[in-house]
Amino acid sequence: MNQQNDRKTGFVPYVSADKTLPELTWMACVLGIVLAVVFGAANAYLGLKIGLTVSASIPAAVISMGILRGIFRRESILENNIVQTMTTAGEAIGAGAVFTLPALFLWDLNPNQGMIAFIALTGGFLGVFMMIPLRRLLIVNEHETLPYPEGTACAEVLKSGETGGKNARLVGAGFLVGGIVKALGDGFVLFKTEIEAQISKFKNAVIGLDIYPALLGVGYIIGPRIAGQMMAGGLLAWVVLIPLISFFGAGSSQTIFPAAAPIAELDAWGIWKGYITYIGAGAVAVAGLITMVKTLPTLIYSIRDTIQSARKNQLGGQGLARTDQDIPLKWVGIGVFVIVLILAFAPLTNIGVIGALSIAVFGFLFVAVASRIVGVVGSSSSPVSGMTIATILIVTFIFKATGLSGIHGMIAALIVGAIVCTALAVSGDISQDLKTGHLIGGTPWKQQIAMMIGVVASGLVIGVVLVILNEAYGMGSKELLAPKAVLMKTIIEGMMRGDLPWDLIFLGAGIAIVIEFLGLNSLVVAVGVYLPIHVSAPIIVGGGIRWIIDATTKDFDLRKMRNEAGVLFASGLIAGESLIGVVIAILIVSGVSIPSSPMSENMWISLGVFGVVGLLLWWVAYRSAGRRLKHGAK
């Protein structure tokens with residue numbers, strides 16, 4: 001059957017089905033586990049700072065080739081594919097955790113690492129299991145219609161393995177630069193890592209900049225359009241809304257809820273905390289729901305096609321080619337049933353039968369959506385937060401209606417949302433990984449096992465990372481804004497207690513709707529409104545560097561190579577800074593004395609450091625690709 005389908009479509013994987021190469025080896029597993037933990041911690045840190053995470057598949061593939069091929073002289077492309085599959089599990093677990101679980105810290109509940117690990121593992125396993133029945137439908141049958149951009153790009157990187165050592169050095173160089181700047185700025189505190197300037201004669205209108213290489217790298221990776229829309233949201237909040245509130249409240253001595261002081265006494269940060277965060281929360285919530293509603297046709301078609309595919313009994317693994325063998329559906333069903341049963345009665349989470357059934361229903365429905373959506377727009381643009389918000393809204397309403405209210409109801413609703421969020425993040429990433437495997441000739445069941453190994457490795461560690469970061473910086477602080485988790489917390493509290501400042505929430509909702517009608521990405525703009533402009537500013541600089549590269553490079557192949565080199569260096573900046581941030585947090589928790597104020601308050605030194613990193617990013621992208629083209633690299 002599979003061979004006939006291949007002849008009909010003309011598709012031939014890079015490694016044919018009748019050829020066997022080393023794949024799920026102990027060396028690939030060890031390296032994959034290490035990278036899953038590293039990128040899981042890095043994405044957790046990044047998600048807590050800006051509410052966004054980045055794909056780890058291409059950097060992981062490059063590092064894998066540099067180590068396995070460059071150092072150990074192993075030449076199996078399938079081994080490298082297993083490594084990047086495990087690594088993306090860490091990225092997904094990190095995203096699922098930081099988008100929801102910091103709310104438990106904000107409620108001063110101090111969740112233990114066992115509880116966090118349990119949530120991460122159950123959500124991660126459900127994400128893998130629920131995606132397996134969809135693989136043949138989405139990856140194979142719709143090979144021509146669903147490109148899965150990250151998965152396809154990763155396959156191309158793996159196939160160009162001859163340059164793996166050079167590309168790995170780009171990631172390593174970025175890692176070194178990002179780590180050094182983070183250590184000098186937030187470790188030794190030699191310079192200010194946040195600067196801002198008041199716009200003259202414009203009360204409380206502030207422009208700021210965080211001196212963080214990771215944000216620069218994020219901007220380069222997401223590109224100028226997305227970065228620009230995020231900056232537009234920041235400008236709307238800090239140059240329009242904050243000064244507007246200041247103007248109209250300047251003559252009032254009354255305290256207007258939810259702020260704790262009169263507007264006349266508040267600076268820009270006070271207005272942001274008292275009012276803009278609620279406007280931003282409304283904008284993000286509604287933008288997420290808009291994004292989800294736009295995918296409803298996809299949801300309906302996915303469910304219909306999945307049922308039809310199951311009826312045709314094409315989901316088993318017997319008699320199929322190596323490249324078309326999944327974990328048998330019987331074991332998938334048993335795995336889902338056992339996890340849901342455990343969740344229904346586990347004292348660690350205490351969500352009950354209603355919570356467990358909600359996870360099963362919303363998990364499968366939204367996994368079907370997420371797995372298809374990432375095939376079109378990629379994992380970075382998948383509306384995971386929107387689907388999580390929808391889950392939390394419905395589940396909170398159900399819990400309240402059935403008598404489970406107060407703090408216990410809020411915790412249960414958050415845990416349900418956290419498990420579903422993790423499942424969605426994992427299912428989206430394994431969809432990309434399976435696309436990569438389909439293109440290069442990987443064995444699906446081995447990739448699925450690898451993903452679960454990565455889930456275990458990163459799931460057991462993510463709790464340690466969250467606890468350390470909370471003790472060092474504090475969840476919800478300026479150092480760790482945890483924007484998505486704060487949003488989830490706000491929604492749950494408002495549903496349960498009915499004390500949200502609804503006028504501000506509706507104002508944010510109106511902004512999201514207007515932005516959507518303007519044809520922009522309302523979710524990206526809404527995130528810009530929600531976050532301080534200090535976060536959006538370095539991101540737009542990174543996007544601007546990407547724009548300069550594109551604008552000054554007319555040759556398509558050269559532009560592609562330059563962007564690939566820039567993305568790899570930017571990924572290194574993110575990983576290096578994020579991991580040093582975790583190391584600094586460990587030192588703080590361990591009692592190591594960290595200077596409390598920078599040795600230099602001169603903002604020009606900070607700007608100089610940031611400028612050097614930006615120029616280095618441009619130079620690496622511009623020059624390294626040119627040298628590779630000159631020497632005939634493909």
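The structure displayed is predicted, hence computed values, not measured ones. Numbers here are sequence positions counted from 1.
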Undergrad: Atom CE of M488 and atom CG of L104: how far apart are they, to the nearest 0.5 Å?
TA: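 Atom-to-atom, M488:CE and L104:CG are 13.0 Å apart.
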Undergrad: State whether the side chain of D210 and the backbone N or O of Y212 hold a donor-acceptor pair below 3.5 Å, judged by distance alone.
TA: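 No; zero donor-acceptor contacts below 3.5 Å.
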Undergrad: Find the distance between CD1 (I491) and CD1 (I389) and round it off to the nearest 0.5 Å.
TA: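 It comes to 4.5 Å.
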Undergrad: Test side-chain contact (heavy atoms from CB on, under 4.5 Å) on I221 and I574 and set out the steps.
TA: CA-CA 10 Å; I221 291 172; I574 294 169; 3.7 Å; yes
Undergrad: Decide yes or no on side-chain contact (heavy atoms from CB on, under 4.5 Å) for T277 and V486, but give the supporting numbers first.
TA: CA-CA 9 Å; T277 53; V486 172; over 6 Å; no
Undergrad: Using a 3.5 Å distance criterion without hydrogens, assess whether the side chain of S536 forms a donor-acceptor pair with backbone atoms of I533.
TA: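 Not a single qualifying donor-acceptor pair exists.
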Undergrad: Output the distance between atom CD1 (I415) and atom CD1 (I119), rounded to the nearest 0.5 Å.
TA: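 That separation rounds to 4.5 Å.
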Undergrad: A side-chain contact here means heavy atoms from C-beta on lying under 4.5 Å apart; do S246 and L266 qualify?
TA: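 No, their side chains stay 4.5 Å or more apart.
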Undergrad: Has E577 got a side-chain atom pairing as donor or acceptor with A214's backbone, closer than 3.5 angstrom?
TA: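 Flag set: sc E577 to bb A214 pair under 3.5 Å.
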Undergrad: Report yes if the side chains of Y220 and L216 come closer than 4.5 Å at any heavy-atom pair, otherwise no.
TA: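 They are not in contact (no side-chain heavy atoms under 4.5 Å apart), so the answer is no.
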Undergrad: Do other residues, nucleotides or ligands put more than 12 heavy atoms under 6.0 Å from the CZ atom of F257?
TA: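 Count over threshold, so yes.
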Undergrad: Assess the side chains of T88 and D429: does a donor N or O sit below 3.5 Å from an acceptor N or O?
TA: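 Distance-only check fails for T88 and D429.
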Undergrad: Quick one: do T391 and F366 satisfy side-chain contact (heavy atoms from CB on, under 4.5 Å)? Show the steps, please.
TA: CA-CA 9 Å; T391 301; F366 290 146; 3.2 Å; yes
Undergrad: Does a donor on one side chain sit under 3.5 Å from an acceptor on the other, for D503 and Y278?
TA: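 Side-chain D/A pair, D503 to Y278: absent.
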Undergrad: Out of L348, I351, V416, which residue meets the side-chain contact (heavy atoms from CB on, under 4.5 Å) rule with L343?
TA: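 Answer after filtering L348, I351, V416: I351.
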Undergrad: Roughly how far, to the nearest 0.5 Å, is CG of L424 from OG1 of T422?
TA: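 The OG1 atom of T422 sits 8.5 Å away from the CG atom of L424.
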Undergrad: Is a donor on one side and an acceptor on the other found under 3.5 Å between the side chain of K400 and the backbone of M495?
TA: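 Looks like yes, one N/O pair under 3.5 Å.
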Undergrad: Working note: T396 + M496, criterion side-chain contact (heavy atoms from CB on, under 4.5 Å); need CA distance, chi angles, decisive distance, verdict.
TA: CA-CA 7 Å; T396 304; M496 283 290 185; 3.9 Å; yes
Undergrad: Rounded to the nearest 0.5 Å, how far does CE of M475 lie from NZ of K489?
TA: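 Answer for the NZ-CE pair, K489 versus M475, is 13.5 Å.
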Undergrad: With distance as the sole test, does Q229 use its side chain to make a donor-acceptor pair with the main-chain N or O of N521 at under 3.5 Å?
TA: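 Yes: the side chain of Q229 pairs with the backbone of N521.
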Undergrad: Please test H534 against W272 for ring pair (Phe, Tyr, Trp, His ring centres under 6.0 Å), starting from the C-alpha separation and ending with a verdict.
TA: CA-CA 12 Å; H534 308 61; W272 174 80; 8.9 Å; no
Undergrad: To the nearest 0.5 Å, what is the distance between CD1 on I586 and CD1 on I580?
TA: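 Reported value, rounded in 0.5 Å steps: 10.0 Å.
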Undergrad: Would you say the side-chain atoms of N204 pair up with the backbone N or O of P243, donor to acceptor, closer than 3.5 Å?
TA: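 No; judged by distance alone, with no hydrogens or angles, the pair does not exist.
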Undergrad: Quiz question: by atom type and distance under 3.5 Å, do the side chains of W238 and E196 form a donor-acceptor pair?
TA: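 Not at all, the side chains of W238 and E196 share no donor-acceptor pair under 3.5 Å.
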